[in-house]
Amino acid sequence: VEGGLARDEALRAMTIRPAELFGVENQLGTIEAGKIANLTVTRGDIFARDRRIAYVFIDGRPVDLKPQPPAGGGGGANAAGVSGQWSLRVTLQQGQPDKSVTLSLRQEGERISGSMQGDLGTAQIANASVGAAGDIKFTAPVTSGGQTTEATFTGTVTGNEMRGEVTTVGAGNGTFSGTRSGGATPQGGGRPPGSAGAAGAGAPGAAAAATDLSGTWTLAINLNGQNVPATLALRQESNRLSGTFQSQLGTTDIANGSVGADGFRFTIILSVQGQSLEATFTGTASGNSMSGTASSAQGSAPFTGTRPGA
């Protein structure tokens with residue numbers, strides 16, 4: 001799809017086309033009466049990077065999607081997960097000054113997503129994963145000396161500490177280390193079920209609970225050095241976000257909106273020159289100010305926002 005294949009044809013390539021090639025299209029490949037009920041249900045566009053698999057049925061029977069605990073009862077180094085905000089010091093090359101980076105992570109099972117911002121620019125991470133033993137890996141574009149290149153971060157997480165090696169294209173190997181602010185957060189990024197509003201002043205997640213994002217926000221999205229204005233109307237119910245996004249490209253409803261201890265995220269679909277463009281907004285808010293990154297297939301852009309009147 002990112003290479004230009006139509007979404008409908010990409011969906012057929014995963015379903016009915018292979019069934020036809022194997023001569024079993026009368027049993028598999030489409031959702032029809034009389035065919036085997038192998039179904040995948042997603043929240044959001046199935047081809048979106050931030051889509052979530054909600055349900056899987058094999059032969060009509062639901063499959064438990066909860067990640068399997070590691071052998072030995074799950075007491076490994078990564079038992080607490082990696083969700084949260086990390087403060088990293090990154091050395092790209094020996095002899096160069098350290099770079100300060102804020103890394104925001106959200107973990108769901110062995111998959112993680114998030115963003116980083118700081119001295120190396122603002123970007124979404126990709127190809128991210130974390131193992132039961134605490135090993136972590138992700139890639140992100142980094143900007144140093146006016147040049148942007150792809151960097152691969154590989155390391156380990158022990159409690160609230162992270163360290164490892166960073167490899168950049170054409171620049172060799174460096175190192176990174178950091179700590180997680182506020183202590184470990186529950187795996188999945190939010191509070192445990194039923195704990196909303198129960199956090200004390202010093203408990204993890206208290207900062208996120210203190211700011212209700214409901215209201216009208218005025219955004220400035222930095223596209224190639226120019227600030228593009230937009231208006232974001234949000235309604236927060238517990239850890240769910242809904243609302244509308246309005247810009248010079250029109251007005252659209254937001255989707256997949258959520259807020260947790262590590263920040264907020266939502267997606268929008270815009271019509272650009274007759275084609276649909278999906279963008280994912282991730283960021284953090286404090287009081288009546290917010291900041292973060294808007295990412296799409298065309299790249300990433302930082303944004304800031306303010307909410308007039310508490």
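In I31, the CD1 atom is not crowded: 12 or fewer heavy atoms of neighbouring residues, nucleotides or ligands sit closer than 6.0 Å. The number of heavy atoms from other shown groups lying within 6.0 Å of CD (E161) does not exceed 12. In I58, the CD1 atom is not crowded: 12 or fewer heavy atoms of neighbouring residues, nucleotides or ligands sit closer than 6.0 Å. With a 6.0 Å radius and a threshold of 12 heavy atoms from other residues, nucleotides or ligands, E9 has its CD atom above the threshold. Surrounding CZ of F57 are more than 12 heavy atoms belonging to other residues, nucleotides or ligands, all under 6.0 Å away.
Looking at every heavy atom in both residues, P229 comes nearest to N227 through CD-O, 3.7 Å. In terms of heavy-atom proximity, A48 sits nearest to E278 at CB-OE2, 2.7 Å. Of all heavy-atom pairs spanning F303 and L219, the tightest one is CD1-CD2, 4.4 Å. The two residues A301 and L223 have their closest heavy-atom pair at CB-CD2, 3.6 Å. The minimum heavy-atom distance linking G263 with T284 is given by the pair CA-CG2, 4.1 Å.
With hydrogens and angles disregarded, a donor-acceptor distance shorter than 3.5 Å links the side chain of T139 to the backbone of A126. Formation of a donor-acceptor pair under 3.5 Å by the T267 side chain with backbone atoms of A255 is found in this model. Checked by atom type and distance alone, the side chain of R12 never pairs as donor or acceptor with a backbone atom of G29 at under 3.5 Å. A donor-acceptor pair under 3.5 Å links the side-chain atoms of D119 to the main chain of S100, judged by distance alone. Looking at R180, its side chain does come within 3.5 Å of a backbone N or O of S83 through a donor-acceptor pair. Distance alone, capped at 3.5 Å, places no donor-acceptor pair between the Q236 side chain and the D212 backbone. Listed for the R163 side chain is no donor-acceptor partner under 3.5 Å among the backbone atoms of T158.
Residues T280 and N256 fail the side-chain proximity criterion, which asks for heavy atoms closer than 4.5 Å. A 4.5 Å side-chain heavy-atom check between V166 and V142 finds every atom pair outside the cut-off. Residues Q117 and P302 form no side-chain contact, since every pair of their non-hydrogen atoms from C-beta on lies 4.5 Å or further apart. By the 4.5 Å heavy-atom criterion applied to side chains, M14 and F47 are counted as neighbours. Annotation: side chain of Q85 is in contact with side chain of T102 (closest heavy-atom distance under 4.5 Å).
Within the structure, the side-chain hydrogen bond (donor to acceptor under 3.5 Å, both in side chains) test picks out the following pairs touching residues 36-46 (sequence neighbours left out): R7-D45.
Distance check: R265 CZ to S295 OG gives 9.0 Å after rounding to the nearest 0.5 Å. From Q246, atom CD reaches atom OG1 of T251 across 3.5 Å, with rounding to the nearest 0.5 Å. Going from atom CE of M116 over to atom CG of L105 covers 10.5 Å, rounded to the nearest 0.5 Å. Rounded to the nearest 0.5 angstrom, L277 CG and S296 OG are separated by 4.5 Å. Remark: I221 CD1 to T293 OG1 distance equals 11.5 Å, nearest 0.5 Å. Atom CG of N288 is separated from atom OG1 of T306 by 8.0 Å, given to the nearest 0.5 angstrom.
The closest side-chain donor-acceptor pair between S113 and R106, if any, does not fall under 3.5 angstrom. Using a 3.5 Å distance cut-off with no hydrogens or angles, the side chains of T179 and N160 do not pair a donor with an acceptor. One side chain, T143 or T148, offers a donor N or O that lies under 3.5 Å from an acceptor on the other.
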Show your reasoning for whether side-chain contact (heavy atoms from CB on, under 4.5 Å) applies to N239 and S258.
CA-CA 6 Å; N239 64 342; S258 64; 5.8 Å; no
Is there a side-chain contact (heavy atoms from CB on, under 4.5 Å) between M162 and F176? Walk through the geometry before answering. CA-CA 8 Å; M162 177 188 303; F176 71 93; 3.6 Å; yes
Practice item. Kindly indicate, with the supporting measurements, whether the criterion salt bridge (Lys or Arg N to Asp or Glu O under 4.0 Å) is fulfilled by E32 and K35. Key: CA-CA 6 Å; E32 296 182 66; K35 290 192 175 183; 3.2 Å; yes
Checklist line | Residues V157, V130; criterion side-chain contact (heavy atoms from CB on, under 4.5 Å); working and verdict | finding: CA-CA 9 Å; V157 176; V130 61; 5.6 Å; no
Please report the C-alpha distance between I16 and E25 in whole Å, then the side-chain angles of each, then the deciding distance to 0.1 Å, and finally whether the side-chain contact (heavy atoms from CB on, under 4.5 Å) criterion is met.
CA-CA 7 Å; I16 188 62; E25 66 273 18; 3.9 Å; yes
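Under the 30°/60° scheme for interplanar angles, the aromatic rings of F153 and F138 are found to lie parallel.
For the pairing with F266, the side chain to side chain contact (heavy atoms under 4.5 Å, CB included) check across V259, D253, L232 returns one residue only, L232.
L11 and V1 fall within the same hydrophobic cluster, where Ile, Leu, Val, Met, Phe, Trp and Tyr residues are linked whenever their side-chain heavy atoms come under 4.5 Å apart, directly or through other members. I53 and I46 fall into different hydrophobic clusters, where Ile, Leu, Val, Met, Phe, Trp and Tyr are joined by side-chain heavy atoms under 4.5 Å apart, directly or via other members.
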